[in-house]
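All values derive from a computational prediction rather than experimental measurement.
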Amino acid sequence: LAALGRLDLSGCAIDDGKLKRLGEVFTAHGAPKLTCLKVKGNTISIKGLTAFIDVLRPGCLPQLKQFLVEDPDEVVGDEEKFALAIKAETVLPTARGSSH
């Protein structure tokens, strides 16, 4: 994971449990060069995203600039997906180890 810069797992059958496991892997090993993580088009709920955030060790992804679960501009009218996109924005401060 040390050299990983971008990871696109869009449409890869990621569910809540697999997303949490991914968070555990990042917590255990870190990915210091990862700038972009995409998990769009999977079956992830607010509960699963919250579990992912809860297991992340602050600072385990210090260069993460983009985390995409759903694009807020593409989910107009779908409240659940819109909420997921907004919740995903809270990943960045934890992943980078910053409070903002």
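Rounding to the nearest 0.5 Å gives a distance of 10.0 Å between CD of Glu89 and CG of Leu68. Atoms CG and CG, from Leu37 and Leu22 in turn, are 6.0 Å apart once rounded to the nearest 0.5 Å. Rounding to the nearest 0.5 angstrom, the gap separating the NZ atom in Lys40 from the OG atom in Ser10 is 6.5 Å.
Among all heavy-atom pairs drawn from Lys87 and Leu49, the shortest one is CG-CD2, 3.5 Å. Closest non-hydrogen pair, Leu9 versus Ile14, comes out as O-CG1, 4.0 Å.
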Taking distance alone, no hydrogens or angles, what donor-acceptor pairs closer than 3.5 Å link side-chain atoms of residues 52-64 to residues at least two apart or in another chain?
from  : atom 1 : to    : atom 2 : distance (Å)
Arg57 : NE     : Thr27 : O      : 3.0
Arg57 : NH2    : Thr27 : O      : 3.1

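Contact check for Val91 versus Val69: no side-chain heavy atoms found under the 4.5 Å cut-off.
Every residue two or more places apart in sequence or in another chain that forms a side chain to side chain contact (heavy atoms under 4.5 Å, CB included) with Leu4 is listed here: Leu1, Leu7, Leu34.
Pairs engaging residues 4-23 under the salt bridge (Lys or Arg N to Asp or Glu O under 4.0 Å) rule: Arg21-Glu24 [sequence neighbours left out].
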